[in-house]
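Below is one structure, written out as structure tokens, with a few remarks after it.
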2 protein chains.
Amino acid sequence: MQTERISDAEFEVMNCLWQTSPLTASDIAGLVPQERQWSLQTVKTLLSRLVAKNVISHEVDGRRYLYSPLVSRSEYVSGESKRFVDRLFSGRAGPLFAHLAEREAFSEEDISDIEKLLREMKK
Amino acid sequence: MQTERISDAEFEVMNCLWQTSPLTASDIAGLVPQERQWSLQTVKTLLSRLVAKNVISHEVDGRRYLYSPLVSRSEYVSGESKRFVDRLFSGRAGPLFAHLAEREAFSEEDISDIEKLLREMKK
DNA sequence: TCGCAATGACTACAACCGTAATCGTAATGT
DNA sequence: ACATTACGATTACGGTTGTAGTCATTGCGA
């Protein structure tokens, strides 16, 4: 029973729920980024699909639902990261890093973050 | 005219073409990983879709086509990496790295690769 | 020469996705 | 009490994806 795939649009909804929960459908319609100006109905559809996929739960509150995540952001990010690194870099972080470096995808800040992490890992 | 999205199945076909090209449809049907035992027809459908998406080209050879990539693996990987890091880590490599570290996603080899790259970047 | 095999083109079809509209019901304001 | 509204459920609909089947043609082997 591995976790179901979450689509791009569903992911926006999850981001709201990961930030605050529980939330109603209308709450979420109000929170979703402006560039994706969804109708309330669209948000409700996404919520039902997420419930069907078993990644959020809904608790009855009067005649509304309060939605909460069942999967943490960190769990989700881990799964996606693994998929990504497996698919494009044969599961190895070294080549991923090399690729990002080659494309100059690192800021100064990224680099010092990484150096710090490496020092911590050494201990 | 940004590059079209490539689906998972299509990606397997691209991997064959990135390794060797040009190839015929039958070549590819023979090369594709065993776990995805596609019929020749399936491979042909994927090839037409890739042509329609403008990421491979086909050159006539008698009554067959010889297919070749129009997009390099490295270009593709860059695009996907950017999408991934933007979506899950707000475009910052530092947090990506931190997440991988936390999940113990690095092998010893990865770590020494990365250290080496960092030293080279310093110069 | 004649049938068959290989090949590309077109068609199929269910699941999933983005984006809603509509429907039935129940609470709410007046 | 009645109209309006807020909600969840159901339905819609075109596009993409995975996975092929079918069709028309044509070169090749016997």
Rounded to whole Å, how long is the line connecting atom [atom1] of [X] with atom [atom2] of [N]?
X	N	atom1	atom2	result
B:L47	C:dT7	CG	P	12 Å
B:F11	D:dT17	CZ	C1'	16 Å
B:E4	D:dT16	CD	P	8 Å
A:L50	D:dA9	CG	P	14 Å
A:Y67	D:dC7	OH	P	11 Å
A:D61	D:dC7	CG	C1'	12 Å
A:L23	D:dC7	CG	P	13 Å
A:N54	C:dC16	CG	P	14 Å

For the base of [N], is there a side-chain donor-acceptor partner from [X] under 3.5 Å away?
X	N	value
A:S39	C:dA20	no
B:Q41	C:dA12	no
B:R49	D:dG18	yes

Any [X] side-chain nitrogen or oxygen under 4.0 Å from OP1 or OP2 of [N]:
X	N	value
B:S26	C:dA6	no
B:R64	D:dT26	no
A:K44	C:dC23	no
A:Y65	D:dA9	yes
A:S7	C:dG18	yes

Ion pair B:D8/B:R36, N-O distance below 4.0 Å = no
Charged N-O contact under 4.0 Å between A:E80 and A:R5 =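 A:R5 and A:E80: salt-bridged.
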What nucleic acid atoms does B:E12 come within less than 4.0 Å of, heavy atoms only: base, sugar-phosphate, or nothing?
-> nothing
Whether A:S81 side chain and A:V77 backbone form a donor-acceptor pair below 3.5 Å |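 At least one qualifying donor-acceptor pair exists.
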For A:D110 and B:G94, indicate whether the former's side chain and the latter's backbone hold a donor-acceptor pair under 3.5 Å.
->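 Such a contact is found between A:D110 side chain and B:G94 backbone.
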From D:dA6, C:dC17, C:dT19, pick the nucleotide closest to the side chain of A:R63?
-> D:dA6
Candidates C:dC17, C:dG8, D:dT19 - which lies nearest the side chain of B:A25 |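 Nucleotide nearest to B:A25's side chain: C:dG8.
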Assign each of A:D8 and B:T24 to its nearest nucleotide of DNA chain C by heavy atoms, then name whichever residue's nucleotide is nearer the 5' end.
->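 The 5'-side residue here is B:T24.
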Would a 4.5 Å heavy-atom cut-off, applied to side chains only, mark A:V85 and B:F84 as touching?
-> no
